[in-house]
Every structure is written in C-alpha cells, then in structure tokens.
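In listed order, ligands and their atoms are each counted from 1.
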Amino acid sequence: MTKFPPSELLNSLPKQFFAALTKKASQFIEQGYDVINLGQGNPDQPTPKHIVAKLQEAAANPLNHKYSPFQGFSYFKQAAVDFYMREYGVSLDPDKEVAILFGGKAGLVEIPQCLLNPGDTILVPDPGYPDYWSGIALAKAEMVTMPLREENHFLPNYQELSSDNLADAKLMFLNYPNNPTGAVATKEFFEETVKLANDHNICIVHDFAYGAIGFDGIKPLSFLQAKGAKNIGVEIYTLSKTYNMAGWRVAFAVGNESIISSIELLQDHLYVSLFGAVQEAAAEALTGPQECVRELTRLYEQRRNVLIDGLKAIGWEVTAPKGSFFAWLKVPKGYTSEEFSTILLEQAHIMVAPGIGFGSFGEGFVRVGLLSSEERLIEAVSRIRSLQIV
Ligand SMILES: Cc1ncc(COP(=O)(O)O)c(C=O)c1O
C-alpha cells in the first residue's frame, strides 16, 4: 500500500491528550478488571422516550428521506426560538439568528474558521474544553489563554489581559456551566464580558453545553440574557446533555446575525443539513414535555452529593460543583494531576481525567464525571479510601 502523508494542516492539529489514558484504561478492562470510568463525559441515561418516538415516526416519513433544506428546517429554528423565549426570555429571529449544527462541537470548530484569518488572536479559557483548540488550529489562529482560578470562582479575570492582547483579540470562547471546573457564571460577569467585547470589538462565543444543569436551585444563565449580548456574540446550545442526545449530533447557534450567516455559509459548503427526522425529534425535545430535564438535573445533583459527601467523609478536601456533570477536585499534596490519575487507575481501577489535559491551569486538579450510578460512585469512594492517599 502506498502511504500518503497527511497535510501540514492535519499534522498541526493538537494531539489528543486523553487518548493515552483511555487506552490504558481499556487495557485494564481487557485484563478483566472492573474499571469505574469517571474520566469521560458521555451521558449515561437514555434519550427520553417521547423524543425517540418522534424520531421513529419521522423516520418513516418519505419527505425526510430526501435532502433536507441546506440550512435546516424552519420548524426546528422556530423551536429553538420558542425554547429561548420560554427558558431565558430571550427573543430571536428564526430566519437570521439561528443556525442548526451537527452537534455543538461542529459549531465550536467552525466558528474560528468563519471569523479568523491566520495569525489572528483568540482568547480561550485555561483550563478549557480541548475541542476549542481544534478549530483554532484549523484556522491557524493564535491562542491566548485566560487562566480560570479558584479564587476567582473559575471565571477569567479580564484585568489580567494585556492591552496588546485586547487590541489583537477577535474572538473569545467562554463556557458556563463550565467543563471542567463545574463553575457557573454570574449576571455581572456576563455584563462585564459584553462591555469588554464592545470596548475592544471582540466576538464572544458562549458554549452553553451544560445550560440545563445547575445545582442548589441555580438555573444557569444564558449569555444572551445579558443586555447587548446578541450584538457581540453567539451562544451554542447542544441537545447532547439536556436531553441525553449525544449520539444524535444536534445543536444550534443563536445570536449575532453576521456570525450566524457566516456559519451557514461555511456549512453550505461542507454539508447538507441534518436528517429531517433528527430535526423533527430535536424540535419535539425543545418544545415538548420538560419534566425529563428536571429529573435529569435531580439525578446529577443526587450523584454529586453522594460523591462529594463521600469524599469529604474520607478526608479529601473537595468543593461541590455548582453545575455541569463534573466535579473538579484538588489532588492531594505531593502529586501532579497525571501521577494521581495514574495511581487511581493502576491501584483502584478508577479512571479520572487529569487536569493538565485541559491546560496548564488545570494542573493540581482532576475531573471526575457524575455519569455513573450512585452505587458506582460509592464504590469509587470506598476504593479511594482503601488507598489511604487522600
Ligand atoms: C464544554 C463542552 N462543549 C461542547 C461539547 C460538545 O457537545 P456536542 O458536540 O455533543 O454537542 C461538550 C461535550 O462534551 C462539552 O463538554
């Protein structure tokens, strides 16, 4: 076989940090060990039945067997608009302010390619969701990181950005409820962000993947609720987490008209829109019964309580996340995040994600997912107790 080398662009893509750890965990599983996987972010619950039923019905409709309209069906865009009005009191124009996406990841990777030229500056949270780096690499843009520190509730401190960085920056990624820290944003923070964006002409992309998952009575805020946000940014909303539809690949971007039209232009060249039956089911998810969402949030909150209470009881000083389905735990003194994760995997057969994989300010932490049952979380705590390392 002739081996064709990948392009320079492909070679420039960031390496998948977590691949090595996942491979090691698989080896333990193959050897017959009972590995508790708290390292990944794959929702464990099924999609609610009424959404699956809508897909089944819509899949049988021959109209859905044809190409979908390039920019998606207008009923799905209208459902996204109705959802934003119902949940956040935000009004949107379905024709100009909504773009349908093949999952949030697609939008996050597309936006730098839509708005940046090689060498342009983009501001990115550290620690942050690694997929942001992929779109930045494809756009050949320069990344400037914004540290998320515990003392600032894992919000970036804009005072730390140099005037050069602010002058150069064209785009900023934010994500609250936050992966990996579990922090939530405040109204004041979003208002400050809008002001900064206006002052320096920066486009804000708020990744609202965990929008439905807030604890202790907190309903996470949409960035678009901040006055003027729609003028300077977009929000990406995925159905992956809210409705356990990660495998379905469906999301949408809402907000600034010029960004939405650039996303649609790029997508016109890349794809035809999603399978019509998926769009019908997605519209049903957004506008149908919402008790399933409340139930899901209760389930994650209950798991969070079990995990955090359990870890505190064995002497590990941990802080409870306010949202998302991750806990961000400080590693005990004397270990790096990678060393500690390796010990947990090799000696307790528990997989967690080392914080360093999310950026240098993730060092000193591990990310633990709440995507296993309470029994498994209790078992994980008991295995950690036996190690006597916390
Ligand atoms: C912070 C964050 N953003 C976006 C996504 C992408 O979700 P999807 O592509 O399934 O919509 C994820 C998924 O794990 C995530 O954690």
Subject >> Ligand-side contact atoms (ligand 1) for residue partner Ser240, heavy atom cut-off under 4.0 Å >> reply: 8 (P), 10 (O), 11 (O)
**OP:** Kindly state whether the ring of Phe73 and the ring of Phe76 have centres lying under 6.0 angstrom apart.
**Re:** no
Subject >> ligand 1 to Gly41 polar contact by distance, N or O atoms, under 3.5 Å >> reply: no
Original post:
In the protein, what heavy atom is nearest to atom 6 (C) of ligand 1, and what distance, to one decimal place, separates them?
Top reply: Tyr129 OH, 3.5 Å
Original post:
Which ligand 1 atoms does Gly104 reach within 4.0 Å, using its non-hydrogen atoms?
Top reply: 8 (P), 9 (O), 11 (O)
Original post:
Where does Leu108 meet ligand 1, judged by heavy-atom distances below 4.0 Å: at the side chain, the backbone, both, or neither?
Top reply: side chain
**OP:** Just jot down the ligand 1 atoms closer than 4.0 angstrom to any heavy atom of Ala209, in number order.
**Re:** 2 (C), 3 (N), 4 (C)
**OP:** For Arg249, take its heavy atoms, then give the atoms of ligand 1 lying under 4.0 Å from any of them.
**Re:** 8 (P), 9 (O), 10 (O)
Subject >> Any donor-acceptor N or O pair under 3.5 Å, side chains Tyr300, Ser324 >> reply: no
**OP:** Would you mind listing which atoms of ligand 1 come within a distance below 4.0 Å of any non-hydrogen atom of Thr238?
**Re:** 8 (P), 11 (O)
**OP:** Would you please indicate if the ring centroids of Phe189 and Tyr158 are separated by under 6.0 Å?
**Re:** yes
Original post:
Is the gap between the ring centers of Phe361 and Phe154 under 6.0 Å?
Top reply: no
**OP:** Distance to 0.1 Å, residue and atom name: give those for the protein heavy atom nearest to atom 13 (C) of ligand 1.
**Re:** Lys241 NZ, 2.7 Å
Subject >> Modelled atom types, side-chain donor and acceptor of Asn305 and Glu301, under 3.5 Å >> reply: no
**OP:** Run the numbers for me: atoms of ligand 1, each under 4.0 Å from some heavy atom of Gly103, listed by number.
**Re:** 9 (O), 11 (O)
**OP:** Answer yes or no: does an N/O atom from Tyr210 fall short of 3.5 Å to an N/O atom of ligand 1?
**Re:** yes
Original post:
Looking only at N/O atoms, are Asp207 and ligand 1 under 3.5 Å apart anywhere?
Top reply: yes
**OP:** Side-chain contact test, heavy atoms from C-beta onward, threshold under 4.5 Å: evaluate it for Asn179 versus Phe326 and give yes or no.
**Re:** yes
Original post:
Could you walk me through whether Glu87 and Ser222 pass the side-chain hydrogen bond (donor to acceptor under 3.5 Å, both in side chains) check?
Top reply: CA-CA 9 Å; Glu87 294 294 325; Ser222 157; over 6 Å; no
Original post:
Is the closest heavy-atom distance from Val250 to ligand 1 below 4.0 Å?
Top reply: no
**OP:** Give the atoms of ligand 1, by number and element, whose distance to some non-hydrogen atom of Asn175 is under 4.0 Å.
**Re:** 1 (C)
Original post:
Judged by modelled atom types alone, do Thr121 and Glu142 share a side-chain donor-acceptor pair under 3.5 Å?
Top reply: no
Original post:
When you check the gap from the basic side-chain N to the acidic O, do Arg376 and Asp34 get nearer than 4.0 Å?
Top reply: yes
